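Please read the structure below before turning to the comments.
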There are 2 protein chains.
Amino acid sequence: MERWTPLVLRELLLGSHHFNQLRRGIPQMSPTLLSKRLQTLEEAGLVSRQSGDNGHWEYHPTQAAMEAWPIIDAMGYWGHKWARSQLTPDELHAGRLMWNMRRSFDLEHVPCDFVLYIEIADARQKRWWFVVKRKEADLCWNDPGFEVDISLYASMVTLVQVFIGDQPLLRACELGKIEIDGPNHLVKSMPAWFPRSKYAMRRLLAADQVLAS
Amino acid sequence: MERWTPLVLRELLLGSHHFNQLRRGIPQMSPTLLSKRLQTLEEAGLVSRQSGDNGHWEYHPTQAAMEAWPIIDAMGYWGHKWARSQLTPDELHAGRLMWNMRRSFDLEHVPCDFVLYIEIADARQKRWWFVVKRKEADLCWNDPGFEVDISLYASMVTLVQVFIGDQPLLRACELGKIEIDGPNHLVKSMPAWFPRSKYAMRRLLAADQVLAS
DNA sequence: CGGTATCCCCCGCGATACTG
DNA sequence: CAGTATCGCGGGGGATACCG
């Protein structure tokens, strides 16, 4: 399996259907290569490319691709558990982290709609906005113009550690690694909705079961 | 993930610990590359290389590798279901098929110890012997000298079709695709112990469940 | 915004030969 | 038998520029 292929499939299976959605999900991959990969996947019967309403292509996973989910998922879980420590700083790409966080808000525990601003001091692109609503969370690369309700300042590594469950959000705050500004009721509720990798959740559940047994 | 890597891991996880066992499991891979792969896997923390009793190396999967089994297994299952029809004749390697069959005898349903001879008319290496005992089945590349109890003649594709469950053994016999020589009680019992891919079994079980629901 | 064409380098991999 | 060294090619993939 060639480079990037699992990530492309993952993005497709998680609901990215347009070229630039896929790009946002895999920012380190060149558009040339993404285009080529999509062609290859189409020829292999994993992607169907349909003409969308606006004259552009829409990419959808085929049945074969959907049934490849157990592979992708197992790879994600394994990588989360075993490849994590080998992450080099330049592999920590802010855009990719944000894009993954976008998918991981626990919308059921969001107390109200709000705008979350995140500033990452040591990232190339430092400023990010999430527009969080009951039914979905949107990610913005530029100031969307809405008033910011809650702001968060942290380094890249800290954010990653929290996201993948290596460090609880509250602990990072106590250590001064994360600074948060916002109204009390929103700040208090953060642990309930702040995005965390599904693999982190799964590990916590596994740990709970061990403890409960 | 580079080429061959999943297959190397699979062999390791299924119990091949010596260089030449691995080679037999992946005969299309050059020894140079296998050696290199094993080094890479060692550096990646997936393989531990220990000095064996006879002065040679022994390769063992680490914990990380063992936990990669769900990935390998899912890939195997997916490949069995979706990549099967794309098999080109020159990918059908007799040695690889025999090596996989060796692992798949249903020893619980073997009525007695026996020697099975298989002749594949259109393979490079045509003659193969299995020495089947209650506790294990051995594969021989050359005549082991024991008396042959049951002989089987077939083409490469037929054997593959039967192994992967595309065609029942009995059906292939009726169609004259397989010829069998041996004592009646052994021949009758063949469907019970004749090797079939575990993925074929899994699909049959799944089909059964659908039918039963 | 949504892709594609071109160029070029590097290295993955196959083949062959060689060593203890 | 159990590997390792060397060589050469082909193509995967990164960078950049380009088109509608």
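The analysis underlying the following values was restricted to heavy atoms, covering all of them including side chains, and did not include hydrogens, waters or symmetry mates. Residue numbers start from 1 in every chain, and the chains themselves are labelled A, B, ... in the order their sequence lines are given, proteins ahead of strands. If you're wondering where the values come from, they're calculated on a predicted model, not measured in any experiment.
- At a threshold of 4.0 angstrom between heavy atoms, the contacts of B:Arg23 with the nucleic acid are absent.
- Atom-to-atom distance recorded for A:Gln28:CD and A:His93:NE2 is 5.0 Å, nearest 0.5 angstrom.
- Of the side-chain N and O atoms in A:Trp4, none sit less than 4.0 angstrom from OP1 or OP2 of D:dG12.
- As a whole-Å value, the separation of B:His56 NE2 from C:dT19 C1' is 13 Å.
- Closest of all the heavy-atom pairs between A:Asp149 and A:Val115 is OD2-N, 2.7 Å.
- Side-chain proximity of A:Phe19 to C:dT4, C:dC13, D:dG14: nearest is C:dT4.
- Within a 6.0 Å radius of NZ in A:Lys81, more than 12 heavy atoms belonging to other residues, nucleotides or ligands are found.
- Whole-Å rounding puts the B:Glu2 CD to D:dG11 C1' distance at 15 Å.
- Comparing A:Pro31 and B:Gln39 against DNA chain D, the residue whose closest nucleotide sits nearer the 5' end is B:Gln39.
- In this entry the distance linking CG of B:Leu7 with C1' of C:dC13 reads 15 Å, nearest Å.
- A:Leu22 places its CG atom 14 Å from the C1' atom of C:dC1, with the value rounded to the nearest Å.
- Side chain B:Ser30 to base C:dT16: no donor-acceptor pair is found below 3.5 Å.
- The aromatic rings of B:Phe105 and B:Phe194 stand perpendicular to each other, their planes meeting at an angle above 60°, with 30° marking the opposite boundary.
- For the OP1/OP2 pair of D:dG3 and a distance below 4.0 Å, the side-chain nitrogens and oxygens of B:Tyr59 include at least one atom meeting the criterion.
- Side-chain N/O atoms of A:Thr32 and base N/O atoms of C:dA5 include a donor-acceptor pair closer than 3.5 Å.
- Of the options A:Gln21, A:Glu11, A:Arg24, a side chain to side chain donor-acceptor pair (under 3.5 Å) to A:Ser16 is made by A:Glu11 and by none of the others.
- Between the P atom of C:dG3 and the CE atom of A:Met29 lies a distance of 14 Å, rounded to the nearest Å.
- In this structure, CD of A:Glu58 is placed 15 Å from C1' of C:dG3, rounded to the nearest angstrom.
- Nucleotide D:dG14 holds its P atom 10 Å from the CD atom of A:Gln28, rounded to whole Å.
- Proximity of A:Arg3 to the phosphate of C:dG12: no side-chain N or O atom is located under 4.0 Å from OP1 or OP2.
- For the pair A:Leu34 CG and C:dT4 P, the computed distance is 9 Å after rounding to whole Å.
- Listed nucleotides D:dC1, C:dG3, D:dG13 differ in distance to A:Leu33; the shortest reach to its side chain belongs to D:dG13.
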